Amino acid sequence: MTEGRVWKYEGTELAWLQERLGRTESGAGHVVSELVPSGFEAYVRIFHRFAATDGSGRTRTWKTWAEDAGISFHPELSHLTLPDEFRFPGEPMWQTEEGVLDGPSRQALARCLAGVTGAQSVCFAYDLAAVSWGEDEPLVRRSSLADLEAVRAEVADRVGEDGPEFWWPDDRSWVVTTDWDLLSTYVGCSVETAERILGDDGLEALPVTARTRVDWFADRPR
């Protein structure tokens, strides 16, 4: 997780969300409640797919890689725990992206959320990406859930092709967070919505709690 903010949120679409972020107790690393607002019934981690670097179009799930390596697949699994595999020295065989949920998973998540969102408008927000790209305030677009990809394309020249960092509907019944430098996306939602996400074959997901660690060293020995 990247730390440090260069603007205030008062008067922006992100004000309500930022007010509900943070942790209630000290501890190592970073936790879900620093990414996703408090107050939801359920929280889910969605793992970004690994893609082969050889141009074959193959993908690999975190669970499969972990099982192949004899490692437990669990909510705090770090990519650093997975064993290195190289095509040749210095060139990893598998890679996934920081700060952006892969396309197939993003589309599957949007389909899941559509079933509980209906015709509501959805906010798509860029926070740290907007800082990095020199914007004067968070960049927020309000549109329909079906317009997710169109919104991403529209703002790409202003904040890059990552994100959105946050999305939520008008009733704030769920929030999706893809942090700037993490390899997983986190969702706060109802139990019903969490069950939809966890049961979708197009998503690799596990239930988490507000206290689950999210940083790269979450399950690494100290």
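Nothing here was measured: the structure is a model prediction, and the numbers come from that model.
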>> Given R196, which partner from the list V116, L113, V191 fulfils the side chain to side chain contact (heavy atoms under 4.5 Å, CB included) test?
In response: V116

> Can you find a side-chain donor-acceptor pair between S78 and T81 that sits under 3.5 Å?
Replying inline: no

> Going by distance alone, is a donor N or O of one side chain under 3.5 Å from an acceptor N or O of the other, for S121 and R142?
Replying inline: no

> With E204, which residues qualify under salt bridge (charged side-chain N to carboxylate O under 4.0 Å, His left out), at least two apart?
Replying inline: none

>> Can a donor-acceptor pair be found, under 3.5 Å and without considering hydrogens, that links the side chain of Q95 to the backbone of T53?
In response: no

> If you measure only the distance, is there a donor-acceptor pair under 3.5 Å linking the side chains of S143 and R141?
Replying inline: no

> Are any side-chain N or O atoms of S190 and backbone N or O atoms of T193, one a donor and one an acceptor, separated by less than 3.5 Å?
Replying inline: yes

> Taking D102 for the side chain and R49 for the main chain, is one N or O donor matched with an acceptor at less than 3.5 Å?
Replying inline: yes

>> Does the plane of the ring in F124 sit parallel, tilted or perpendicular to the ring in W167? Use 30° and 60° as the thresholds.
In response: tilted

>> Quick one: does any side-chain atom of R152 pair with a main-chain N or O of P164 as donor and acceptor, under 3.5 Å?
In response: no

> Quick one: does T12's side chain have a donor or acceptor within less than 3.5 Å of a partner on Y9's backbone?
Replying inline: yes

>> Over 60° means perpendicular and under 30° means parallel, so tell me whether W216 and H79 are parallel, tilted or perpendicular.
In response: perpendicular

>> Can you confirm if the aromatic rings of W94 and F50 lie within a centre distance of less than 6.0 Å?
In response: no

>> If the threshold is 4.0 Å, N to carboxylate O, is there a salt bridge linking R60 and D68?
In response: yes

> Is a donor on one side and an acceptor on the other found under 3.5 Å between the side chain of E76 and the backbone of D219?
Replying inline: no

>> Among V122, V176, T177, L17, which residue satisfies the side chain to side chain contact (heavy atoms under 4.5 Å, CB included) criterion with W168?
In response: L17

>> Main chain of L183, side chain of H48: is a donor-acceptor contact present, judged purely on distance under 3.5 Å?
In response: yes

> So, R45 side chain and V208 main chain: donor-acceptor pair closer than 3.5 Å or not?
Replying inline: no

> Among all residues two or more places apart in sequence or in another chain, which pass the salt bridge (charged side-chain N to carboxylate O under 4.0 Å, His left out) test with R23?
Replying inline: E34

